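These notes are about the structure you will find just below.
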Amino acid sequence: MILLGLDPGLQSTGWGVIEAQGNRLRHVANGQVVSRADDPLAARLAQIYEALEAVIAQHRPQAAAVEETFVNKNPQSTLKLGQARGVVLLAAARYGIAVGEYAPTVIKKAIVGTGGAEKEQVRAMVSRLLPGTNIVGSDAADALAIAVAHAHILSSSRALEKVRS
């Protein structure tokens, strides 16, 4: 199964594509969509959408996952993050891709083993879980972590369903 992890942000939206076969994970691609800060908000959101549309068209993921929004101290920043998140969800929805949504603590716990892990710990574990991967930046690392967490959660859900039936 091809999975797409998405880490939305107005300045930089990270994306990561992995392949999950049972318990085996393989890196496919990762990147960051950086919008031009001088452009109007609508144009920046369009840049994110168009870039993600190209990623989805190229890699054809069967599922996607995104980090849930957290509230910043600055309400304006939270609002802009929410708008970028909406564009990310729209891009997946336009291709009929189901999107899992997870709190940052759930993702960190699935990757590192503790919900309070630091960004550097998450990136280090992603590198271990996907050996040889050239991670292009911190937002791409977060997106790969989201994809890996989604793969683990989906796998656990399937295993539980088998046990129950």
Side-chain angles (χ1 to χ4, degrees), residues 1-35 48-49 51-52 55-56 59-74 77-93 95 97-161:
M1 172 182 272
I2 302 294
L3 301 166
L4 173 63
L6 297 160
D7 182 34
L10 187 58
Q11 291 179 354
S12 175
T13 293
W15 59 271
V17 180
I18 64 168
E19 181 179 12
Q21 292 181 341
N23 289 333
R24 293 183 186 189
L25 301 175
R26 181 181 69 84
H27 172 262
V28 175
N30 72 89
Q32 296 181 145
V33 180
V34 179
S35 69
I48 295 167
Y49 179 81
L52 291 180
V55 169
I56 292 168
H59 298 291
R60 305 248 181 243
Q62 287 101 13
V66 65
E67 190 174 79
E68 291 177 345
T69 303
F70 58 91
V71 178
N72 290 304
K73 290 180 183 175
N74 180 343
S77 296
T78 302
L79 189 60
K80 288 179 181 177
L81 174 60
Q83 290 167 327
R85 190 172 182 279
V87 167
V88 163
L89 292 170
L90 174 64
Y95 280 81
I97 301 168
V99 181
E101 301 178 60
Y102 304 103
T105 54
V106 171
I107 296 163
K108 291 174 181 179
K109 188 166 185 165
I111 301 300
V112 180
T114 176
E118 297 294 325
K119 269 188 163 309
E120 298 78 28
Q121 292 173 299
V122 173
R123 186 178 180 134
M125 270 314 284
V126 167
S127 293
R128 285 190 151 217
L129 293 168
L130 303 169
T133 301
N134 179 26
I135 302 172
V136 300
S138 63
D139 294 315
D142 289 347
L144 286 168
I146 293 164
V148 169
H150 192 48
H152 289 320
I153 291 166
L154 287 176
S155 178
S156 296
S157 295
R158 279 190 228 111
L160 282 173
E161 286 176 19

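Everything quoted here is computed from the prediction, not taken from an experiment. The analysis underlying the following values was restricted to heavy atoms, covering all of them including side chains, and did not include hydrogens, waters or symmetry mates.
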- Message: Filter on side-chain hydrogen bond (donor to acceptor under 3.5 Å, both in side chains), then keep only pairs touching residues 128-149, sequence neighbours left out; what's left?
- Response: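 For residues 128-149: S12-D139, K119-D142.
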Indicate the atoms forming the closest heavy-atom contact of [X] with [Y], along with that distance.
{"X": "V136", "Y": "G31", "answer": "CG2-CA, 3.4 Å"}
{"X": "H27", "Y": "L130", "answer": "N-CD2, 3.8 Å"}
{"X": "L144", "Y": "A29", "answer": "CD2-O, 4.1 Å"}
{"X": "Y49", "Y": "A91", "answer": "CE1-CA, 3.6 Å"}
{"X": "L3", "Y": "A151", "answer": "CD1-CB, 3.4 Å"}
{"X": "A110", "Y": "A149", "answer": "CB-CB, 3.8 Å"}

- Query: Between atom CD1 of I111 and atom CD1 of I146, what is the distance when rounded to the nearest 0.5 Å?
  - Reply: 9.5 Å
- Rounded distance [0.5 Å steps], CD in Q83 versus OG1 in T78: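 Result: 11.0 Å between the selected atoms.
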- Task: Check whether any side-chain heavy atom of V87 lies under 4.5 Å from a side-chain heavy atom of P8, and answer yes or no.
- Result: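 Side-chain contact under 4.5 Å: no.
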- Message: When you compare the side chain of I2 with that of R60, does any pair of heavy atoms fall below 4.5 Å?
- Response: no
- Task: Look only at the side chain of S35 and the backbone of L10, and say whether a donor-acceptor pair between them is shorter than 3.5 Å.
- Result: yes
- Using a cut-off of 6.0 Å, state whether more than 12 heavy atoms not belonging to Q11 lie near its atom CD. no
- Message: Are more than 12 heavy atoms, taken from residues, nucleotides or ligands other than Q62, located less than 6.0 Å from that residue's CD atom?
- Response: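 Above 12, so yes.
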- Message: Determine whether E68 and V106 satisfy the following criterion, side-chain contact (heavy atoms from CB on, under 4.5 Å), listing intermediate values before the conclusion.
- Response: CA-CA 10 Å; E68 291 177 345; V106 171; over 6 Å; no
- May I have the step-by-step check of side-chain contact (heavy atoms from CB on, under 4.5 Å) for L25 and H152, ending in yes or no? CA-CA 10 Å; L25 301 175; H152 289 320; 4.1 Å; yes
